[in-house]
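Okay, so here's the structure we're looking at.
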2 protein chains.
Amino acid sequence: MLFLIENEGMGSLTEENYIKSVYALSQATGEVIVSELAKKLHVKPPTVNSMMKKLALKKWVLYAPYKGIKVTEKGKKEALSIIRRHRLAELFLVNVMKLGWEEVHDIAEQLEHVESSRFYDRIDEMLGYPKFDPHGEPIPDANGKILNDKRIPLNQAKENATVKIVAVADDKKSFLDHLNDKGLKIGEKVFVKRKEAYDGSVVLVNKSKVELMITHQVAERILVEE
Amino acid sequence: MLFLIENEGMGSLTEENYIKSVYALSQATGEVIVSELAKKLHVKPPTVNSMMKKLALKKWVLYAPYKGIKVTEKGKKEALSIIRRHRLAELFLVNVMKLGWEEVHDIAEQLEHVESSRFYDRIDEMLGYPKFDPHGEPIPDANGKILNDKRIPLNQAKENATVKIVAVADDKKSFLDHLNDKGLKIGEKVFVKRKEAYDGSVVLVNKSKVELMITHQVAERILVEE
DNA sequence: TTAATTTGTTAGATATATCTAACATTTTAA
DNA sequence: TTAAAATGTTAGATATATCTAACAAATTAA
Ligand SMILES: [Mn+2]
Ligand SMILES: [Mn+2]
Ligand SMILES: [Mn+2]
Ligand SMILES: [Mn+2]
């Protein structure tokens, strides 16, 4: 006889990574399609197909053949709990362990799967129940509530206006190394001097009156306010 | 065609756990046998058999049919590196994150597999390059050097002598909770009043002149000096 | 020293997570 | 509105890590 233990509520490391990506894509583009997920997770579409069937059984997603993927409330809660652990870990690595914001993401990808509420409760406490991670991303609270903000990508900011950098939409090392080189960081105010129509690049003036140019690729990953 | 990537030097989480156990058993009993490893890892003997074949291919162990398991220098180095990460993690959790010594082992079992030398170098640095973990176990240095000490289990200490508790040979929560109840901790000096011949229990007098009795099971897991 | 017991190995099955090849459906373009 | 392209699914294979059942070797007891 075969006993299938459903393991309600908990997920394998792989399942956790899938639901996190499903949630992230659903935030960006509404509907999630198999091929996008496959690209994001560096797997082939059939792999996504079978994993989505599995997550559908767990009620983390709704999945009908050829109809795309929708996250359920349950799946959203799961994703936010992982995102919370990821962002708390990143802030801990920067604020307590004094690592650079460009090197913490890969470590947090591992720490987010540590199973121990004591560990995360202490991190949260030591950091003073923080609201944002080192990249300016909001940290969901223990109930999965997350701040909904009105930040825009820098490439959508108006010309001849001063904006404040409040977050980055990418926390990979290569991108953050590039920002470090340009001297751009969270909290910094910059004046948007010109947006080139041809290639989407943006010319900024920083607080030391120095002019610098960033490409569209970079501008769309910098989130600003005002 | 099939390309087998040997993945030299690195090990999966499972392989890491096996070599750690092989090393631990080899320290305790010299020769490691399949059934002991199986018991320790809560798997069946055939599982150990096939994993040992795999580790033998990686040159972490020597393994001949019916001849038992021997750790190689390479395997020992691997094991000590994992033990180093485990013990650094435990001390970090106690000293920096202020968790109790009885609750850190299970978290360290997960943290020891985090792949990031930066993470462990910073922990080491923050702790001031410590020599012992919260349970008194020596922390191997980055080259795998580990202190070889002359501590003995409390049940082997002489009667009518004062000894200092320097380590515990078990860091599971149930055992440490028990020590917490008895008020016994690392650094504490106790007088060995009597060792019962019948059941191996030990009667101690603590520094407040209070008499307390511990069973053989507990005494053999407390390591003392002098 | 044979027989019983313990210990170890092989063979074959199961579960997870992945892949490729073939086929099906949906969307887009002619 | 068909044909082509893009996207998704199924079937079947591979790799890892585990198991049970059957058998083999070594150890221990009678
Ligand atoms: Mn991140
Ligand atoms: Mn982040
Ligand atoms: Mn431990
Ligand atoms: Mn320890």
Under 4.0 angstrom between A:S35 side-chain N/O and D:dG8 OP1 or OP2: yes
For the pair made of [atom1] in [X] and [atom2] in [N], what is the distance, rounded to whole Å?
X: A:N49; N: C:dT18; atom1: CG; atom2: P; result: 13 Å
X: B:Y63; N: C:dG8; atom1: OH; atom2: P; result: 8 Å
X: B:I69; N: C:dT7; atom1: CD1; atom2: P; result: 14 Å
X: A:M52; N: D:dT9; atom1: CE; atom2: P; result: 11 Å
X: B:E15; N: D:dT18; atom1: CD; atom2: P; result: 10 Å
X: A:L55; N: C:dT16; atom1: CG; atom2: C1'; result: 13 Å
X: A:L13; N: C:dA15; atom1: CG; atom2: P; result: 21 Å

Contact list for DNA chain C against residues 17-34 of chain B - heavy-atom distance below 4.0 Å: B:I33, B:V34
List the atom pairs, with distances to 0.1 Å, where a side-chain N or O of residues 32-52 of chain B and a protein N or O form a donor-acceptor pair under 3.5 Å, not counting sequence neighbours.
{"unit_1": "B:T47", "atom_1": "OG1", "unit_2": "B:K44", "atom_2": "O", "d": "3.4"}
{"unit_1": "B:N49", "atom_1": "ND2", "unit_2": "B:Y63", "atom_2": "OH", "d": "3.0"}
{"unit_1": "B:S50", "atom_1": "OG", "unit_2": "B:P46", "atom_2": "O", "d": "3.3"}
{"unit_1": "B:S50", "atom_1": "OG", "unit_2": "B:T47", "atom_2": "O", "d": "3.2"}

All pairs passing side chain to side chain donor-acceptor pair (under 3.5 Å) where residues 129-139 of chain A contributes a residue, at least two apart: A:E90-A:H135
Minimum heavy-atom distance between A:P130 and A:L91, given as atom pair plus value: CB-CD2, 3.3 Å
What residues, two or more places apart in sequence or in another chain, satisfy side-chain hydrogen bond (donor to acceptor under 3.5 Å, both in side chains) together with [X]?
X: A:N180; answer: A:W101, A:E102
X: B:D124; answer: B:R84
X: B:E15; answer: B:K54, B:K58

Atom CD of B:E196 with >12 non-hydrogen neighbours under 6.0 angstrom: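 Yes.
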Qualifying residues under side-chain contact (heavy atoms from CB on, under 4.5 Å), relative to B:K59, sequence neighbours excluded: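 By the side-chain contact (heavy atoms from CB on, under 4.5 Å) rule, B:K59 matches B:K74.
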Between N or O atoms, less than 3.5 Å apart, protein on one side and nucleotides 19-26 of chain C on the other: list the pairs.
{"unit_1": "C:dC19", "atom_1": "OP2", "unit_2": "A:K44", "atom_2": "N", "d": "2.9"}
{"unit_1": "C:dC19", "atom_1": "OP2", "unit_2": "A:T47", "atom_2": "OG1", "d": "2.5"}
{"unit_1": "C:dT25", "atom_1": "O4'", "unit_2": "A:Y66", "atom_2": "OH", "d": "3.4"}

Ignoring hydrogens and angles, write down the donor-acceptor pairs under 3.5 Å from the side chains of residues 107-116 of chain A, residues two or more places apart or on other chains.
{"unit_1": "A:E109", "atom_1": "OE1", "unit_2": "A:K20", "atom_2": "NZ", "d": "3.3"}
{"unit_1": "A:E109", "atom_1": "OE2", "unit_2": "A:K20", "atom_2": "NZ", "d": "3.1"}
{"unit_1": "A:E109", "atom_1": "OE2", "unit_2": "A:H105", "atom_2": "NE2", "d": "3.3"}
{"unit_1": "A:Q110", "atom_1": "OE1", "unit_2": "B:E115", "atom_2": "N", "d": "2.6"}
{"unit_1": "A:Q110", "atom_1": "NE2", "unit_2": "B:E115", "atom_2": "O", "d": "3.1"}
{"unit_1": "A:E112", "atom_1": "OE1", "unit_2": "A:K20", "atom_2": "NZ", "d": "3.3"}
{"unit_1": "A:E112", "atom_1": "OE1", "unit_2": "A:H86", "atom_2": "ND1", "d": "2.7"}
{"unit_1": "A:E112", "atom_1": "OE2", "unit_2": "A:K20", "atom_2": "NZ", "d": "2.9"}
{"unit_1": "A:H113", "atom_1": "ND1", "unit_2": "A:E16", "atom_2": "OE1", "d": "2.6"}
{"unit_1": "A:H113", "atom_1": "NE2", "unit_2": "A:N17", "atom_2": "OD1", "d": "3.1"}
{"unit_1": "A:H113", "atom_1": "NE2", "unit_2": "A:E109", "atom_2": "O", "d": "3.3"}
{"unit_1": "A:S116", "atom_1": "OG", "unit_2": "A:F119", "atom_2": "N", "d": "3.1"}

Per A:K53 side chain, nearest of listed nucleotides C:dG8, C:dT18, D:dT10: D:dT10
